[in-house]
Amino acid sequence: MTTQLWTDAVALEAVPDEDVMAAAVLGRELAFYGVDGQVYVTDNICTHGHARLSDGFLEGTEIECPLHQGKFDVCSGKAMCAPLTVDIRTYPVKIENGRVYVDLGDI
Ligand code: FES
């Protein structure tokens, strides 16, 4: 059994509906997505180049990178199209008392 190590990240009300925002958590740059009342969290820097996904365009559960228009599924982190070849890291999320907690794992 693995133990989750939750870090208090941001206020739930700060995460925009059907959009993305960036926040640094313990020095790690993360992207927070509001999708259908759920919150998903990924690394913010694209796996293809140095672009911030928080500057991209969220449509449904897909974030489009602003630099070369690669798309990731924000739920699974899966790279959905060229030029992406590497998935983006996702993080477990829990919501408690109006706060968003993330498990950063072994960073
Ligand atoms: Fe994101 Fe190229 S930097 S697709």
Side-chain angles (χ1 to χ4, degrees):
M1 192 177 100
T2 55
T3 306
Q4 307 243 238
L5 204 58
W6 297 110
T7 299
D8 187 347
V10 296
L12 178 58
E13 66 182 16
V15 180
D17 284 335
E18 317 308 326
D19 206 350
V20 55
M21 63 168 269
V25 179
L26 297 184
R28 189 155 192 113
E29 205 175 322
L30 302 180
F32 293 76
Y33 311 87
V35 179
D36 271 343
Q38 303 286 320
V39 176
Y40 299 95
V41 178
T42 71
D43 278 334
N44 194 22
I45 303 300
C46 185
T47 58
H48 180 247
H50 198 81
R52 288 181 171 80
L53 297 179
S54 58
D55 294 331
F57 178 66
L58 182 67
E59 185 168 19
T61 59
E62 287 189 355
I63 183 71
E64 182 181 84
C65 177
L67 198 51
H68 307 111
Q69 288 72 53
K71 291 182 182 176
F72 296 100
D73 183 300
V74 302
C75 310
S76 65
K78 190 164 178 39
M80 304 301 287
C81 65
L84 301 173
T85 56
V86 178
D87 296 346
I88 193 112
R89 184 173 176 180
T90 61
Y91 297 87
V93 174
K94 79 168 178 178
I95 310 294
E96 207 168 271
N97 298 326
R99 302 289 302 177
V100 178
Y101 292 79
V102 296
D103 180 355
L104 296 173
D106 52 352
I107 59 167

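Numbers here are sequence positions counted from 1. Start at 1 and go down the list; that is how both ligands and their atoms are numbered.
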Atom of His48 nearest atom 2 (Fe) of ligand 1 (restricted to N/O/S, atom name only): ND1

Residue pair His50 / Ile45, side-chain heavy-atom distance below 4.5 Å: yes

Atoms in ligand 1 with a heavy atom of Gly70 nearer than 4.0 Å: 4 (S)

Minimum side-chain heavy-atom gap Asp103-Thr7 below 4.5 Å: no

Thr61 side chain vs Cys75 backbone, donor-acceptor pair below 3.5 Å: no

Flag if over 12 foreign heavy atoms under 6.0 Å of NZ, Lys94: yes

Ligand-side contact atoms (ligand 1) for residue partner Leu67, heavy atom cut-off under 4.0 Å: 3 (S)

Angle in degrees, rounded to 10°, that SG of Cys46 and SG of Cys65 form at atom 1 (Fe) of ligand 1: 110°

Shortest-distance N, O or S atom of His68 relative to atom 2 (Fe) of ligand 1: ND1

Asp17 side chain vs Gly34 backbone, donor-acceptor pair below 3.5 Å: no

